[in-house]
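The basis for the numbers below is simple: all heavy atoms, side chains too, and nothing from hydrogens, waters or symmetry mates. Quantities reported herein were computed from a predicted structural model and do not represent experimental measurements.
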Amino acid sequence: MRVTVDSTEGPIAVPSPDHRWTALFFITEPGIGEILPELAGCTTGLCTVRDDAARFARAGVRALGVSAHAPGHLADFAASRDLGYPLLGDGDLALGRALGVPEVKAGDRTLFARAAVVLDRAGAVRALIHPIPDPERHAEIVLEAVAELEAAAGSEASAGTEPAAGAEAAAGGGAGHTGERVGERAGEQVREHAGDRGAEPDGERP
């Protein structure tokens, strides 16, 4: 997949052409934990990405937050938390659905569950991470997944084989299986990386 998405910093190419990896951090809604405590954790998760900015840079990762809202709705939040990276507005859920990101209901609204997707430079999905039970480890779990991908690529290079690419997720796909393949699309496999085990209350801690 290759798309251009509106963000709090203007249109952004996904995946980033300038980085080895692009990590998309899907959240439900900033501040939703104040209204629906069971969905708490969004702000915490995004702030872990901010705090680990140097580690993402060293790993060649472009970090982007994603929420089912217009970028204008997210701009004040991003500025107030001094995130230092863009938030993508996926108000019609098109990007998340194309990547198979799970969704949750908040009243009559459909929003994203807390998850992460790692894309390579070609736009192939290399990891779909869900659930993420502990928002304080949102960034750490993605960094671990990237390290595993790098290690696998190094092993394959040493063996003289080409790294296996993940598949682009088809629109409308969903993922709800921890540590298993999400599915096979167009003859390729989409890999789901399990961060932490267990059921996830999606959203934000105060």
Side-chain angles (χ1 to χ4, degrees), residues 1 3 5 7 14 22-49 63-71 73-74 77-78 81 83 85-119 125-146 166 168-183 185 190-206:
M1 105 171 326
V3 296
V5 185
S7 82
V14 177
T22 297
L24 302 174
F25 291 85
F26 285 84
I27 63 162
T28 305
E29 179 176 71
I32 198 169
E34 298 173 7
I35 304 169
L36 299 171
E38 68 274 18
L39 297 179
C42 298
T43 298
T44 299
L46 292 178
C47 288
T48 67
V49 181
L64 301 169
V66 188
S67 179
H69 302 83
H73 178 84
L74 301 170
F77 168 79
R81 302 295 180 177
L83 292 182
Y85 62 92
L87 300 182
L88 307 184
D90 192 17
D92 60 2
L93 307 175
L95 176 63
R97 287 176 174 173
L99 297 172
V101 175
E103 298 170 359
V104 297
K105 282 288 188 181
D108 60 354
R109 297 181 300 156
T110 301
L111 303 171
F112 293 120
R114 187 167 56 247
V117 175
V118 179
L119 304 174
V125 176
R126 302 304 299 274
L128 170 57
I129 305 169
H130 177 268
I132 299 177
D134 183 358
E136 293 183 358
R137 296 197 68 241
H138 204 161
E140 182 65 33
I141 290 169
V142 171
L143 286 164
E144 290 171 358
V146 169
E168 294 184 16
H177 307 292
T178 305
E180 302 173 358
R181 287 184 184 134
V182 181
R185 304 181 178 104
V190 178
R191 171 180 170 271
E192 180 177 16
H193 174 88
D196 288 340
R197 306 294 191 199
E200 172 191 11
D202 248 311
E204 175 174 32
R205 293 180 178 173

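In terms of the side-chain hydrogen bond (donor to acceptor under 3.5 Å, both in side chains) criterion, T22 has no residue partners (sequence neighbours excluded). For P71, the side-chain contact (heavy atoms from CB on, under 4.5 Å) partners at least two apart in sequence or on another chain are D6. Annotation: side-chain contact (heavy atoms from CB on, under 4.5 Å) contacts of D108 (sequence neighbours excluded): none.
The shortest side-chain heavy-atom distance between L46 and R81 does not fall under the 4.5 Å cut-off. The side-chain heavy atoms of V125 and L99, taken from C-beta on, include a pair separated by under 4.5 Å. Side-chain contact between L111 and H69: present, with at least one pair of heavy atoms (C-beta onward) separated by less than 4.5 Å. Side-chain contact check for K105 versus T110: some heavy-atom pair is nearer than 4.5 Å. Taking 4.5 Å as the limit, some side-chain heavy atom of V118 sits within range of a side-chain heavy atom of V142.
Nearest approach of A116 to H138, heavy atoms of both residues: CB-NE2, 4.0 Å. The minimum heavy-atom distance linking Y85 with G65 is given by the pair CE1-N, 3.7 Å. The two residues A113 and V104 make their nearest non-hydrogen contact at CB-CG1, 3.8 Å. Of all the heavy atoms in F77 and L87, the pair that sits closest is CD2-CD1, 3.8 Å.
One finds the CG atom of L93 at 10.0 Å from the CZ atom of F26 (value rounded to the nearest 0.5 Å). The CD1 atom of I27 sits 7.0 Å away from the OG1 atom of T43 when rounded to the nearest 0.5 Å. We find the CG-CZ distance between L143 and R137 to be 10.0 Å, quoted to the nearest 0.5 Å.
A distance-only check finds a donor-acceptor pair linking the side chain of T28 to the backbone of F112 [under 3.5 Å].
Here the options are L95, L24, V5, the test is side chain to side chain contact (heavy atoms under 4.5 Å, CB included), and the partner is D90; only L95 passes.
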